[in-house]
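A short worksheet on the structure shown next.
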Amino acid sequence: MRTRALRDVARRPLSTAGAVVAVVFIAVPLVALVSRVQWTELPRHLGSTEALDAIRLSLVTSLSAAALSVLLGLPLAWLLARVSFPGRALLRAVVLLPMVLPPVVGGVALLGAFSRNSTLGGWLHDTFGVQLTFSPAGVVLAQTFVALPFFVITAEAALRSMDHRLEEAAATLGANPSMVFRRVTVPAVMPSLVAGTVLAWARALGEFGATITFAGNIAGRTRTLPLAVYVELESRPEVAVSLSLVLLTVSMLVIVSLRENWLGPR
Amino acid sequence: MSGASIEAEFVATPGVGTAAGQGPGIDLRLRVCAGEVLCVVGPNGAGKSTLLRCIAGLNPIRSGWITVGGRVVDDPERGTWVEPDHRSVGFMFQDHLLFGHMSALDNVAFGLRARGLGRAAARAAAAEHLGRMGLGAETARRPGELSGGQAQRVALARALAPEPEVLLLDEPLAALDAGVRKAVSRDLRTHLDRFGGAVVIVSHDPLDAFLFADRVAVLEEGRITQHGPMAGITARPRTRYVADLVGVNLLAGTGEGHRVRVGTEAVHVADPVSGPSVVIVHPQSIAVHQHRPETSARNVWPVTVTDMSLLGDRVRLVLEGPIDLTAEVTPAAVAELGVVPGDRLWASVKATEVSAYPADPPPTTDHWCG
């Protein structure tokens with residue numbers, strides 16, 4: 001097999017060269033980032049109040065956004081996968097739009113809907129005293145806006161491809177729709193639900209554009225890790241590198257954890 | 001177990017939104033009494049699975065009605081529809097469809113939990129069911145860890161556990177290899193004998209009908225073409241499908257006394273018939289000759305051998321001519337004539353060996369449940 005692989009490579013020099021360039025293009029910046037890490041200073045960088053605040057805020061908001069994505073995304077994925085209704089294709093397109101929409105545009109859109117000057121935002125503020133802009137809740141909202149489609153698209157694909165007859169079998173055994181969903185459907189697609197949740201969480205953790213536009217950049221309140229990296233880059237680039245290493249490590253863990261059930265064969 | 005009958009007379013269109021995809025439309029009438037086993041046989045794609053899905057409520061019917069235990073469960077004209085989870089219809093699927101994330105025990109307990117039994121009580125009852133299937137040692141296993149025969153037994157236990165009023169089995173043995181099939185069919189037989197309600201088994205293998213059924217219905221292209229005890233069906237095939245199962249030649253024609261006109265040919269038959277008739281020629285009653293035979297046989301036709309194959313101690317010849325026939329002759333006869341495909345021969349059959357009977361209109365499956 002090995003010699004076969006070598007022969008395949010040798011006979012296609014252009015394709016091979018292109019692939020090598022692509023790998024170098026992705027690997028070099030990553031290596032450069034890691035090589036600039038001041039390993040002895042790392043504990044001090046990450047132990048500072050600002051860094052700890054950012055890490056804590058990022059953890060809380062991204063996990064909340066992931067949970068919200070599951071809570072809202074699962075019924076939506078089910079609707080898109082199983083119920084045939086006019087305008088379904090259009091609805092799917094709208095739901096998936098935040099995946100390709102520039103995040104800053106998402107932030108502007110959120111401002112339009114939830115700022116205190118907007119109808120909905122004003123009502124929320126006047127009635128419940130809730131202000132989403134420039135608050136941690138706003139960060140969660142911005143992150144959920146961009147992360148939700150990642151969960152929906154993963155869950156919908158799984159719901160669509162699972163064997164419906166398992167649900168039919170459950171129905172003939174006397175299970176009502178709610179029991180079928182909880183005890184047959186969800187367990188059957190669980191690996192994909194986990195993968196979708198991890199994807200949504202990773203997207204929420206890395207959120208920058210929508211967050212800074214909608215929730216601002218207030219230290220300790222809305223300054224998440226990516227925002228902290230951006231701020232530190234101006235004043236203390238070595239701290240920015242250390243914070244970046246944290247995000248890089250998390251991303252690596254996400255990729256490794258998804259390799260089994262999302263990224264297919266090695 | 002509360003035994004119930006099934007009665008149905010309906011038209012159904014191919015299933016919508018089923019994983020199995022598009023099935024054929026069906027139009028039929030049937031009645032299965034409590035404690036009776038009806039086996040529906042037919043070629044693949046005849047609508048057998050659609051029939052079961054309609055009774056179970058997995059497919060809606062287009063018109064007509066279905067009752068289970070005297071209760072109307074589907075009648076579109078009157079707007080009656082009972083959801084599958086309220087029908088009390090046990091369904092065993094062809095590829096068992098056990099829940100892969102549950103143990104064998106929890107699979108069987110599922111239907112009992114759905115009926116409102118507590119977890120502990122459901123599990124205890126499920127363990128009892130599995131024990132009765134000889135699977136007491138397998139309760140903790142996942143379906144993926146079970147052999148084909150074990151999985152099928154668990155599926156049967158799962159279908160029976162909630163004590164359904166009637167039972168539907170879709171190709172219960174098709175997924176099993178020959179060795180396991182015998183043991184599973186014996187167990188199935190035992191449980192069907194004990195089951196008090198109506199049972200409908202669907203199979204493409206007529207052997208299943210011999211094994212399990214009190215009555216057989218042949219379903220072809222969505223319609224019942226023959227119906228009754230298996231012996232009656234094989235004694236008087238009415239369609240080419242059944243004739244092929246039995247291994248005889250079936251010719252359709254018009255009876256004119258001791259002759260039946262088949263296409264342009266006249267076939268001399270033993271018993272006088274008139275009107276639309278079915279002619280049965282046994283392959284072993286056909287003799288083949290190199291030249292036009294000087295014989296007392298009334299039926300003689302020139303034929304071409306298009307195919308030949310070995311069948312036990314006989315050679316099967318597929319013959320094309322004014323009347324297409326399949327003949328089974330001795331290897332000695334083949335060797336003597338030096339038959340090869342493409343040869344032109346003469347075929348002869350004695351009139352006394354050709355049976356004929358009227359081609360009745362399609363049968364109804366109506367009978368009274370005693």
Side-chain angles (χ1 to χ4, degrees), chain A residues 70 74-89 91-92 154-198 257 260-262 264-265, chain B residues 15-21 49 52-53 55-59 68 82-102 106-117 119 122 126 142-143 154-155 157-170:
Chain A
V70 175
L74 191 52
L76 179 58
W78 177 83
L79 188 77
L80 289 173
R82 294 297 175 77
V83 185
S84 181
F85 56 92
R88 178 162 66 164
L91 179 65
R92 185 183 292 119
T154 316
E156 193 207 334
L159 287 172
R160 196 178 283 280
S161 63
M162 83 166 272
D163 192 344
H164 296 347
R165 295 177 312 148
L166 286 171
E167 293 162 331
E168 293 179 340
T172 63
L173 292 168
N176 61 32
S178 148
M179 182 177 174
V180 172
F181 189 73
R182 282 181 291 113
R183 297 215 41 213
V184 175
T185 313
V186 168
V189 296
M190 191 47 99
S192 294
L193 297 188
V194 171
T197 309
V198 172
S257 77
E260 289 304 316
N261 50 23
W262 176 248
Chain B
V16 184
T18 65
S49 293
L52 294 192
R53 294 177 59 84
I55 297 171
L58 302 175
N59 282 18
V68 173
V82 177
E83 293 288 347
D85 45 316
H86 290 125
R87 283 201 186 186
S88 192
V89 171
F91 202 129
M92 190 170 132
F93 295 82
Q94 176 174 354
D95 36 1
H96 62 69
L97 285 181
L98 294 174
F99 306 127
H101 60 281
M102 290 181 203
D106 284 334
N107 264 282
V108 179
F110 185 90
L112 298 165
R113 298 272 287 142
R115 296 270 157 121
L117 229 63
R119 182 188 299 248
R142 296 285 174 96
V154 174
R158 184 178 71 169
L160 287 172
E163 304 193 351
E165 292 180 328
V166 300
L167 188 60
L168 311 176
L169 310 175
D170 192 357

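Since the model is a prediction, treat every value here as computed from it, not as a measurement. A, B, ... follow the sequence lines: proteins, then strands. Residue 1 opens every chain. Values below: all heavy atoms of this structure, side chains included; hydrogens, waters and symmetry mates excluded.
Interface remark: F93(B) contributes side-chain atoms only to the contact with chain A (heavy atom separation under 4.5 Å). Residue contact with chain A, scored on non-hydrogen atoms closer than 4.5 Å, is absent for M92(B). Proximity to chain A is limited to the backbone of A159(B), based on heavy atoms less than 4.5 angstrom apart. For R82(A), no part sits under 4.5 Å from any heavy atom of chain B, backbone or side chain. For L112(B), no part lies near chain A; criterion is any non-hydrogen pair under 4.5 Å.
Shortest non-hydrogen contact noted between F99(B) and L166(A) is CE2-O, 3.4 Å.
Summarising the geometry, atom CG belonging to L167(B) is positioned 10.0 Å from atom OG1 belonging to T172(A); distances are rounded to the nearest 0.5 Å. Distance NE2/H86(B) to CG/N176(A): 7.0 Å, rounded to 0.5 Å. Here the CG-CZ distance, from L173(A) to R113(B), works out to 13.5 Å after rounding to the nearest 0.5 Å. Rounding to the nearest 0.5 Å places CZ of R165(A) at 8.5 Å from CZ of R53(B).
The residue among D85(B), L168(B), V89(B), L98(B) with the most heavy atom pairs within less than 4.5 Å of chain A is D85(B). Between chain B and the residues S84(A), A175(A), A188(A), the largest count of heavy-atom pairs under 4.5 Å involves A175(A).
Counting heavy-atom neighbours within 6.0 Å of R119(B) CZ, excluding the residue itself, gives a total of 12 or less.
Among the candidates L58(B), N59(B), L97(B), the single residue satisfying the side chain to side chain contact (heavy atoms under 4.5 Å, CB included) test with E168(A) is L58(B).
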